[in-house]
Student: 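The structure's right below; bear with me while I get my questions together.
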Amino acid sequence: MSKTVDPASPQPEGAPAEAPRSRPGGRPTGEPSMAREPDYQTGRPTKVAIVGTGMVGSTFAYTLLLSGIASEIVLVDANHERAEGEAMDLNHAVPFAHPTKICAGDYADCQGAAITVIAAGAGQRPGETRLELVRRNAAIFGQIVPKVAEANPEGIIVVATNPVDVLTYVTLDLAGLPANRVFGSGTILDTARFRYMLSEHLGVDPRSVHAYIIGEHGDSEVPVWSLANVAGMRLPTFCAENGIALGPDTMERIFRQTRDAAYEIISRKGATYYAVAAGLMRIAEAILRDQNTVLSISSLITDYYGIDDVCLSLPTVVSRRGIERVLRLDLSPHEARGVRKSADVLRQTIDSLKEPPGN
Ligand SMILES: NC(=O)c1ccc[n+]([C@@H]2O[C@H](COP(=O)([O-])OP(=O)(O)OC[C@H]3O[C@@H](n4cnc5c(N)ncnc54)[C@H](O)[C@@H]3O)[C@@H](O)[C@H]2O)c1
């Protein structure tokens, strides 16, 4: 069978059939780079690696591409074909977006990435307990994290896989990187949901609602009502001034809708990925653009209301260096009890990982 020739790209006579396509840097296109690709304006690397290119990882890649803030996106997945397919599909969006190099790669290709986001993991099997799932995902992280850290000891690792707080702790242990360069997406999503639900009730743009969900990304998370505000006005004052009712029942409903949103979405469409991808994008932007943005992410907490040596979320200043500092909110006694309980729940799960299976 004769070889089909694409008339749109005629080969000059005598040219090799598969001449390597190269760009000014001399590297063939379609392959991950091994060196940090600096942003042409800032001179900083803007390569982002994503491990786990399922719904969350690939939606994050798409969000990142549309944002234009990454020069290169490397996709790594145990299912390499899936990563390749995602890279191909994303590359075909480049002409509508921004010049970005997107390719499927291996762990070694995380080298030079400013950030590696880990969204790889197993889903819950029917009848499987949460703890069994934690064990399986911790085992998966045992395969992933040392390879990422070895390939890229200078980079930042952001964990998205659930249970995100426990896996952030596991990642810290496995990576051996400084604690300011390992964190989880934590309650960034829950905080966004809370601000959205509040904005619907208060009738203002969610970006003008300043309120945080702290603690575990999960059932024990804590809404910080005592510090929530619009334009610096605490909610009781804002609501009184604007004739809005905000009684205990409404507050309970808003928090319940926030906390249980994932269950509601999963029961309808099977997974959540748009909002978490947008949250991961916000984290990436804070890092790549060195913004010192306050985000509720999960990191190693010490000496806070009696909490020590667990990863959970508090508002945190995020910059090029990763975590600049964790903001130690002054909580009401009720909120402080809530976050301590959240830490206890997480500590129990971390401890149970150390026990042999079946205990
Ligand atoms: N943190 C948050 O706010 C948040 C929100 C939504 C989902 N999540 C979590 O994100 C994770 C991913 O969700 P999803 O919907 O994308 O799942 P998914 O099943 O669509 O994708 C998971 C991907 O991980 C890959 N994978 C599995 N084992 C691997 C390994 N050893 N090495 C490399 N890749 C591997 C799979 O091949 C798959 O492509 C889940 O744990 C989910 O609970 C977190």
Side-chain angles (χ1 to χ4, degrees), residues 49-63 74-87 89 104-110 116-125 128 130 132-148 151 157-171 174 183-194 196 213-219 221 258-284 295-299 311-313 346:
I50 303 172
V51 180
T53 57
M55 298 312 298
V56 171
S58 60
T59 310
F60 168 54
Y62 181 60
T63 314
V74 176
L75 305 176
V76 182
D77 198 287
N79 179 351
H80 188 69
E81 270 200 349
R82 164 101 198 228
E84 280 182 337
E86 296 293 355
D89 198 4
D106 204 341
Y107 289 101
D109 303 316
C110 296
T116 301
V117 170
I118 306 181
Q124 207 152 354
R125 290 178 185 146
E128 186 177 48
R130 201 168 151 270
E132 283 163 349
L133 178 68
V134 176
R135 283 184 191 278
R136 272 206 299 146
N137 278 342
I140 287 173
F141 270 49
Q143 298 162 12
I144 294 173
V145 174
K147 292 182 196 157
V148 171
I157 299 180
V158 178
V159 177
T161 308
N162 277 321
V164 68
D165 303 290
V166 174
L167 291 176
T168 301
Y169 189 91
V170 167
T171 301
L174 291 167
F183 46 91
S185 57
T187 57
I188 195 164
L189 175 56
D190 317 69
T191 290
R193 287 172 174 153
F194 191 41
Y196 169 75
I213 298 284
I214 62 171
E216 180 196 13
H217 167 58
D219 295 345
E221 66 190 33
T258 301
R259 186 194 55 201
D260 300 343
Y263 298 116
E264 294 292 332
I265 297 167
I266 289 168
S267 74
R268 287 167 173 81
K269 59 175 264 192
T272 75
Y273 36 89
Y274 294 124
V276 68
L280 290 167
M281 164 58 213
R282 193 65 194 85
I283 294 172
L295 300 167
S296 57
I297 54 164
S298 183
S299 69
C311 290
L312 53 73
S313 289
L346 292 165

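In each ligand, atom 1 is the first atom listed, and ligand 1 is the first ligand listed.
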Student: Under 3.5 Å, side chain of T53 to main-chain N/O of S58, donor-acceptor pair present?
Tutor: no
Student: Heavy atoms, side chains only, cut-off 4.5 Å: are V51 and Y107 in contact?
Tutor: yes
Student: Between A120 and I144, what is the shortest heavy-atom contact and its length?
Tutor: CB-CD1, 3.6 Å
Student: Is it the case that the side chains of S296 and S313 hold a donor-acceptor pair, with the cut-off being a distance below 3.5 Å and no angle test?
Tutor: no
Student: Check the pair V159 / F141 against side-chain contact (heavy atoms from CB on, under 4.5 Å), numbers first and verdict last.
Tutor: CA-CA 10 Å; V159 177; F141 270 49; 3.8 Å; yes
Student: Should the pair R268-E264 be classified as a salt bridge under the 4.0 Å nitrogen-to-oxygen rule?
Tutor: yes
Student: Give every pair formed by an N or O atom of ligand 1 and a protein N or O atom closer than 3.5 Å, one pair per line with both atom names and the distance to 0.1 Å, or write none.
Tutor:
from: ligand 1; atom 1: 1 (N); to: A160; atom 2: O; distance (Å): 2.9
from: ligand 1; atom 1: 1 (N); to: S185; atom 2: OG; distance (Å): 3.1
from: ligand 1; atom 1: 3 (O); to: H217; atom 2: NE2; distance (Å): 3.3
from: ligand 1; atom 1: 8 (N); to: N162; atom 2: ND2; distance (Å): 3.4
from: ligand 1; atom 1: 16 (O); to: M55; atom 2: N; distance (Å): 3.0
from: ligand 1; atom 1: 16 (O); to: V56; atom 2: N; distance (Å): 2.8
from: ligand 1; atom 1: 20 (O); to: M55; atom 2: N; distance (Å): 3.0
from: ligand 1; atom 1: 24 (O); to: G121; atom 2: N; distance (Å): 3.3
from: ligand 1; atom 1: 31 (N); to: Q143; atom 2: OE1; distance (Å): 3.2
from: ligand 1; atom 1: 32 (N); to: Y107; atom 2: OH; distance (Å): 3.4
from: ligand 1; atom 1: 34 (N); to: A78; atom 2: N; distance (Å): 3.1
from: ligand 1; atom 1: 37 (O); to: D77; atom 2: OD1; distance (Å): 2.5
from: ligand 1; atom 1: 39 (O); to: D77; atom 2: OD1; distance (Å): 3.4
from: ligand 1; atom 1: 39 (O); to: D77; atom 2: OD2; distance (Å): 2.7
from: ligand 1; atom 1: 41 (O); to: N162; atom 2: N; distance (Å): 3.0
from: ligand 1; atom 1: 43 (O); to: N162; atom 2: ND2; distance (Å): 3.0

